[in-house]
*Asks:* 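My questions will all concern the structure given below.
The chains referred to below are lettered A, B, ... by the order of the sequence lines, with proteins before strands, and numbering in each begins at 1.
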Protein chains: 2
Amino acid sequence: MNSELSPVAERRDATLKEVAAEAGVSRATVSLVLRQSPLVAAATRERVESAILTVGYVYNRGAARLRTGTSGTIGLIVPEITNPFYAELTAGIDEVLDVEGRLTYLATSNDRPERQERFIRRIREQGVDGIILSAAEGSSPWLLRQLREWRVPVVQILRSIAGIDADFVSPDFSRGTWAAIDHLVAAGHRHIALMPSAKNTSAARERIDTFLSALRHHGLGPGMVTPGASSRSEAADRIGETLISASPPSAVLCHNDLLALGVIAELRRRGMTPGRDLSVIGFDDIPEAASSVPALTTVATLPVEVGIQAARLLLRRIAMPDGAPERILIAPRLILRET
Amino acid sequence: MNSELSPVAERRDATLKEVAAEAGVSRATVSLVLRQSPLVAAATRERVESAILTVGYVYNRGAARLRTGTSGTIGLIVPEITNPFYAELTAGIDEVLDVEGRLTYLATSNDRPERQERFIRRIREQGVDGIILSAAEGSSPWLLRQLREWRVPVVQILRSIAGIDADFVSPDFSRGTWAAIDHLVAAGHRHIALMPSAKNTSAARERIDTFLSALRHHGLGPGMVTPGASSRSEAADRIGETLISASPPSAVLCHNDLLALGVIAELRRRGMTPGRDLSVIGFDDIPEAASSVPALTTVATLPVEVGIQAARLLLRRIAMPDGAPERILIAPRLILRET
DNA sequence: AACGTATTTTAGATCGATCTAAATTCTGTC
DNA sequence: GACAGAATTTAGATCGATCTAAAATACGTT
């Protein structure tokens, strides 16, 4: 290298002012061109547009936000992005926002409320136009009230914080649970167990309640709920304990596919055949469900669709902050495979 | 409800000015308090801090960026978030940025360069401080040169655009490939195939080149490279075609675990035993690899670690824009299971 | 050519923070 | 109590856009 101290060029992006100078018009005119205003004459517009290219202009959205109050961004908070369900959901959201020209801030809360609140504070500082929230386990209802007071549009997904009538998009877990139980009962099962999530969320509680009602409706006793699990291996342990109990079930409905796959693995380890010795049904229909051996029977919850609907609802809410809250439930589909 | 037209309160967030009024000091002083300046007297600081709470102040980072030129955000571009590898990588990045107090814009390019460029333009308008990029297939080298000219710090991950000496973090695919081939050769295999990705990326080409060199090194002919695949089912088709060829291989190394799982599924469908009739090795060690039946032998590429290193490197680069480019390769681990 | 109307363009204030340079207040000393 | 020097506080300009209200220009009639 030649110059030892080569001073950083410190080239800042070109601004409106430079474009205006290049095109020989005022800043206000350039601004009008940028916003596609019909006010400006065709010839002027062309001159400005080529000036924009020659000076390499970059729109400064932060500066614009100062006046317009909108940033073109939204925040997405999920418990964990490594869960395939949330990954697909994120893809659905991204699809909608991309065509709308908006950007997404992503954060994973790891189900820790304080991390979630930290993130919310930060995106508020950035001036997000709205938030899609799958609340961390243990989030306080106070949080949602706070957000409402701040007038930040929020759409909740999958999990809803109790006691507040807010926008909400989710698979219809209740309907999915009914479908699974009806199917098992029709197949002759009389002793059915539920393996719930170890997490105490609205989505988990809803499934337990529905499970119990469905069994009662079919006249099948109080119903057996195993201890909760939150990973494959925990699910394997739980099903192991359950199988040696006094009256083991002939079918088990699991909170999600990961747990169901854990159950299957344990059955095979014990030389049992999933689908014959114990029927297993999961929730979600993650890619692995179709390709596992044996293939998993499951309730598909269509995460991409949930994401798309959530994004669309948020956009509507941003446009109409005082409209009535909506509740959108995506109908799940029972997918019969081998277990 | 009582008031039919309840006019939207249009309550904007409180600003520095209001805090200043409440605390009886100037805006400048409040600003100093916010930035933890040692200049301000303890008593004043306290007064300001309580004023901040009582008026419900929200820092406006957009306004600050106008003066400071930094936004506290970075952009992350991945081909697809639904790939478990990228999901874990994202989690690693998120972990680092959370403790650093920064926010992440997430976008998925779906391997479409125009979508990728659209996203880059948008985050530039927002003034991102840096970008972590896993370039879409077919990205032009021009893009990276452009970014450099714009002086946006960029760290590439996994895939690197040719011809430019830039910051790069990736699993050491070459080393992983050697480890897998050495293992197969030591196990007695003489006819080894590679099933590459259908995508033409640097990561794919590197694996093919290394595979060929490794075989040559072991004196095992030119080496057999099957047509590429990019999904489980494509992998199944490809391996089907390969098995009926004149001299079928006794082992196959796959571009990633998803392809390897597709291969295994096809073998089972044909009544063959993976690991005996055909050895199969994947790349990545996604969660499913450990739990599939039979469990998949694979080269673990430690996505979380890659994410963490990439985030740290980007932060270093933002702090020192003109430092020498770094290349960080994460050593993979061969995990022997049943295939 | 003069006039009224319609079309374009612009000057200057503004959004909410930071920065600079200067003003103010506080200390300790004599 | 006056003064130098340190510690604290502040007025006002500034970042890059948008907005308002007014100015400049063009156009069609008579």
*Asks:* How many whole angstroms separate atom CG of A/L32 from atom C1' of C/dT7?
*Replies:*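 Between C1' of C/dT7 and CG of A/L32: 13 Å.
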*Asks:* Report the distance from atom OH of B/Y57 to atom C1' of C/dG16, rounded to the nearest whole Å.
*Replies:*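 After rounding, the reported distance stands at 7 Å.
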*Asks:* For B/K17 and D/dG12, give me the distance from atom NZ to atom C1', rounded to whole Å.
*Replies:*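 Those two atoms, NZ and C1', are 13 Å apart.
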*Asks:* Taking 4.0 Å as the cut-off, does a side-chain nitrogen or oxygen of B/R35 come that near to OP1 or OP2 on C/dT18?
*Replies:*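 The answer is yes; a side-chain N or O of B/R35 sits under 4.0 Å from OP1 or OP2.
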*Asks:* OP1 or OP2 of C/dT10 sitting under 4.0 Å from any side-chain N/O of A/T29?
*Replies:*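 Yes.
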*Asks:* Rounded to whole Å, how long is the line connecting atom CG of A/L39 with atom C1' of D/dT20?
*Replies:*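 The answer, rounded to whole Å, is 13 Å.
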*Asks:* Measure from CG on B/L16 to P on D/dT10 and round the result to the nearest Å.
*Replies:*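 The distance from CG of B/L16 to P of D/dT10 comes to 13 Å, rounded to the nearest Å.
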*Asks:* Indicate whether OP1 or OP2 belonging to C/dT9 is found under 4.0 Å from a side-chain N or O atom of A/T44.
*Replies:*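 Looking at the OP1 and OP2 atoms of C/dT9, one of them is under 4.0 Å from a side-chain N or O of A/T44.
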*Asks:* Mind checking B/L34 for me? I need base, sugar-phosphate or nothing, with any heavy atom below 4.0 Å counting as a touch.
*Replies:*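 No contact at all - B/L34 keeps every heavy atom at 4.0 Å or more from the nucleic acid.
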*Asks:* Check each of B/I74, B/V152, B/T70 against B/I318 using the side chain to side chain contact (heavy atoms under 4.5 Å, CB included) test, and report the only one that passes.
*Replies:*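 The option that passes is B/I74.
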*Asks:* Determine the contact category for A/V33: base if any of its heavy atoms lies under 4.0 Å from a base atom, sugar-phosphate if only primed atoms, P, OP1 or OP2 are that close, otherwise nothing.
*Replies:*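 Touches nothing.
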*Asks:* Rounded to whole Å, how long is the line connecting atom CD of A/Q126 with atom C1' of C/dA17?
*Replies:*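 Between C1' of C/dA17 and CD of A/Q126: 13 Å.
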*Asks:* Determine whether any donor atom in the side chain of B/R27 lies under 3.5 Å from an acceptor atom in the base of D/dT10, or the reverse, and answer yes or no.
*Replies:*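 Per atom types, no contact qualifies.
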*Asks:* Distance check needed: C/dC19 P versus B/R67 CZ, whole Å only.
*Replies:*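 Atom CZ in B/R67 sits about 7 Å away from atom P in C/dC19.
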*Asks:* For A/A41, which contact category applies under a 4.0 Å heavy-atom criterion: base, sugar-phosphate, or nothing?
*Replies:*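 Sugar-phosphate contact only.
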*Asks:* Okay, side chain of B/R35, backbone of B/S31: is any donor-acceptor separation there less than 3.5 Å?
*Replies:*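 Present.
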*Asks:* Tell me whether the count of non-hydrogen atoms from other residues, nucleotides or ligands lying under 6.0 Å of CD in A/E46 goes above 12.
*Replies:*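 No, not enclosed.
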*Asks:* May I ask you to check whether B/S71 and B/T73 show a side-chain donor-acceptor distance below 3.5 Å?
*Replies:*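 There is such a pair (donor and acceptor under 3.5 Å, judged by atom type) between the side chains of B/S71 and B/T73.
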*Asks:* Just how far, in rounded Å, is C1' of D/dT14 from CG of A/L66?
*Replies:*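 After rounding, the reported distance stands at 12 Å.
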*Asks:* Please check if the side chain of A/R317 supplies one atom and the backbone of A/M320 the other of a donor-acceptor pair under 3.5 Å.
*Replies:*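 Yes.
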*Asks:* Base, sugar-phosphate, or nothing for A/V58, non-hydrogen atoms under 4.0 angstrom?
*Replies:*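 A/V58: backbone/sugar contact only, no base atoms under 4.0 Å.
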